[in-house]
Structure formats: C-alpha cells, structure tokens
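Below: the structure, in structure tokens.
All values derive from a computational prediction rather than experimental measurement. Note: hydrogens, waters and symmetry copies are ignored here, and every other heavy atom, side chains too, is used.
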Amino acid sequence: MASEVKLSKLVQDNRSILEIYQGEEYIKDKDVLVSDIYRPGLELTGYFDFYPAQRIQLLGRTEISYAARLDHDIRKHVFTKMATKATPCFLISRSLPVPEELSDAAEKAHIPILQTSESTTYISSVMTEYLRARLAKRTSIHGVLVEIKGMGVLLTGASGVGKSETALGLVQRGHRLIADDRVDAFQKDHNTVVGEAPKLLKHLMEIRGIGIIDVMNLFGVGAVKNRTEIQLVINLVNWDPKANYDRLGFQENTREICNVAIPQVNIPVKVGRNIEIIIEVAAMNFRAKKMGYDATQTFGNNLTSLISKHSKEDTNKVHHDD
C-alpha cells in the first residue's frame, strides 16, 4: 500500500488535463497523502477550525467568484492561512484567473499552483479516482488476470496447472492480458476490486519451455490492458476421477479479495479439454446471469414442470382405472 503519491507523478500521469501555473520547482518535494479533494468554502469566510490542509485544494467558479468580492486584505489573510506546510497544491479549474493574493501566498509557502480547463466536478472526480487507486490498500495474488469480452477474469490454481498457457491461448483468441503470475489487487469501492500487473511484470508472461515473452510486442497493443475490474475468479484444478464436480451449476462459491466477495468457478483440467473455450463460456454464462438469465434456473423450472406434468398424468390414470 502506498502511503503517499508524489505530486510530480500525479502531474505527469495527468498532463493531458493539468498544467503547472506556478511553483514547478516545488512539485518534486510535495506528496499527496489522502485521496479526498477539498473545495474550501467556510475558509473563505475566515473559519479554519476544521480546515483539511493535507488535501489538494480545488477552487472553481464558486470559490474564485466569491473570493473576488472580498476585500484585498481579507483575501490576503485567507489565502495565507490556506497555504500551510501540509498543503500539497492548489488546483484552479475552468482556466479561471488565479487571484494575485493566492499566487503570492503560495509562492511564499512554496506551494505549487496547478490549472485545468476542465470543470470543477469533472476534475475532482478524476483526481479522486486517480488517488484512490494509488493510495488504496493492495494485496498480491498468485494468478493470471485476463479480460474476456470486457469482463475481468482471474485465473487461479496450483503452480503448474497451466494458468499462463491458458491465458496465452485466450490472448490468441482475441482477449487481453492484464497480469501474469502476480496480480496486484485493490478495492476501488465497496463492491469493486481492480487488478493490475506489478510494474516489473507489466505486459510480460512466463511460458515454461520458452521463458519470458512480451505479449504487447508479439500480439500488439490490443492484446494487453493496464488494469481491469475483477468480476469472476476461475480456479483451475487438476482432474480427479474420484472428485464430485458440479454438473448443473447449482453450487455458488465466492472468493474474498480485499474484503469483497467475488464469484468463483472451479474448472477441472485434463488432457482433451479445451480450457480456453470452457473459460470463455464460463465468462459469458456469468455475464448472462448478471443480466437476469440463469440457465440453471431454467433447467430447474423445466424439471419442476415436467415432474408436475407426469404427476398429473399419473393421478388421472389412477382415477381412470378406478
């Protein structure tokens, strides 16, 4: 889990929507410690009892227009109090003019000022999501993460069961690799877990007998993706003729990842089974269930209807014989 995000990294990763208005020389020394973005409101009126100075301070049309109505000395006092040692930066949305008093206070406190042409709501959402992803508690999972028809599928199983080879077959069938061998997972929100590859293993895959291959170099940029939501876990197990495998789909298992229960399917592996196609079908079947169609329920309804029909026929036959 990262305890901070370098402000220089945040600016670099979002350079398409952020620009440095002033204080570029101070950026390398600034860290962002929390994911929440703050829009100062009461502070502009002089109330600082609960001022969260450690957050990025975002000023939009409302804040800038209100500040413009204040007396020069009041603006100077307010912005000087806002420019604390803990403040990572000020961010001005909609390319609004930066108040001179804010510029002076930020310069004296060595605080960078960033600017964007985006709306206040949009930039707040983007920055919050970016910071949450990097500050979130992470867990490392032994497995392979692929995206099948837009759905993130985590392949797990014992070492040597064929996870990487299966993932390679899925890539050849047009699906995308996110991570091989190790998956870094973090909780995006209460119901969502996202997985990505460790930086060292990004776009790389280990195939026994061949070694390390670069999937993006061999199959193109369309064969890889940086991260995806983990929506289904498929656990590959070696075939055991004595085991009792689920044949109807009534068993519903889950695996907990980052405190979120993710549906899990166990698929036995043996020679002659096309695991890639089976995994594709498992993913599509799971998607169908989420959309409201459950083949297992349909089978159960059909079976109940058939039993009911035969029961009525037997009852009618008994009455007729009497």
Practice prompt. Tell me, please, which residues at least two apart from K9 pass salt bridge (Lys or Arg N to Asp or Glu O under 4.0 Å).
Written response: D13
Worksheet item: Is a donor on one side and an acceptor on the other found under 3.5 Å between the side chain of E229 and the backbone of Q231?
Response: no
Practice prompt. Give a yes or no on whether a salt bridge exists between K81 and E43, defined as a side-chain N under 4.0 angstrom from a carboxylate O.
Written response: no
Practice prompt. Give a yes or no answer on whether the side chain of T80 reaches the backbone of K76 with a donor-acceptor pair at less than 3.5 Å.
Written response: yes
Under 3.5 Å, sequence neighbours excluded: what are the donor-acceptor pairs made by side chains of residues 146-161?
from	atom 1	to	atom 2	distance (Å)
E147	OE1	R176	NE	3.3
E147	OE1	R176	NH2	2.8
E147	OE2	K225	NZ	2.7
E147	OE2	T228	OG1	3.0
T156	OG1	N235	OD1	3.0
S159	OG	R208	NH2	3.3

Discussion item. Could you tell me if the side chain of I279 sits less than 4.5 Å from the side chain of L170, heavy atoms only?
Written reply: yes
Worksheet entry | Side chain T45, main chain L42, donor-acceptor under 3.5 Å | yes
Worksheet item: Donor-acceptor pair, R227 side chain versus G195 backbone, under 3.5 Å?
Response: no
Practice prompt. State whether the side chain of E206 and the backbone N or O of D180 hold a donor-acceptor pair below 3.5 Å, judged by distance alone.
Written response: no
Worksheet entry | Close side-chain approach of F48 to V78, heavy-atom, < 4.5 Å | yes
Practice prompt. Ignoring hydrogens and angles, tell me if any N or O in the side chain of K28 forms a donor-acceptor pair with the backbone of L7 under 3.5 Å.
Written response: no
Practice prompt. Determine yes or no for a side-chain-to-main-chain donor-acceptor pair under 3.5 angstrom, with R94 supplying the side chain and S117 the backbone.
Written response: no
Worksheet item: Does the pair R39/E63 count as a salt bridge with the N-to-O cut at 4.0 Å?
Response: yes
For residues 15-22, run the donor-acceptor check on the side chains, cut-off 3.5 Å, and write out each pair with its distance to 0.1 Å, sequence neighbours left out.
from	atom 1	to	atom 2	distance (Å)
R15	NH1	Q12	O	2.5
Q22	OE1	S103	OG	2.5
Q22	NE2	S103	O	3.0

Item to complete: Please say whether the positively charged group of R134, taken as NZ for Lys or CZ for Arg, lies over the ring of Y130, i.e. under 6.0 angstrom from the six-membered ring centre and within 45 degrees of the axis.
Response: yes
Discussion item. What I want to find out is whether K188 reaches E129 closely enough, with some N-O distance under 4.0 Å, to be called a salt bridge.
Written reply: yes
Discussion item. Please check this pair: side chain of T87 against backbone of A83, looking for a donor-acceptor N/O pair closer than 3.5 Å.
Written reply: no
Which pairs of donor and acceptor atoms, one on a side chain in residues 51-62, lie under 3.5 Å apart (sequence neighbours left out)?
from	atom 1	to	atom 2	distance (Å)
Y51	OH	M82	O	2.8
Q57	NE2	P52	O	3.1
Q57	NE2	R55	O	2.9

Worksheet item: How far does CD of E256 sit from CD of Q264, to the nearest 0.5 angstrom?
Response: 12.5 Å
Item to complete: Using atom types as modelled and distance alone, determine if a side-chain donor or acceptor of N285 lies under 3.5 Å from a backbone N or O of V281.
Response: no
Item to complete: Among residues two or more places apart or on two chains, list those pairs meeting ring-ring contact (aromatic ring centres under 6.0 Å, His included) that have a residue in residues 102-123.
Response: Y26-H110
Practice prompt. Please examine the side chains of M127 and L10, heavy atoms only from C-beta on, and report whether any two atoms are closer than 4.5 Å.
Written response: yes
Worksheet item: Are any of the side-chain heavy atoms of P112 and E25 separated by less than 4.5 Å?
Response: no
Discussion item. Just to verify, what does D31 make a salt bridge (Lys or Arg N to Asp or Glu O under 4.0 Å) with, not counting sequence neighbours?
Written reply: K6
Worksheet item: Under 3.5 Å, is there a donor-acceptor pair between the side chain of R138 and the main chain of A133?
Response: yes
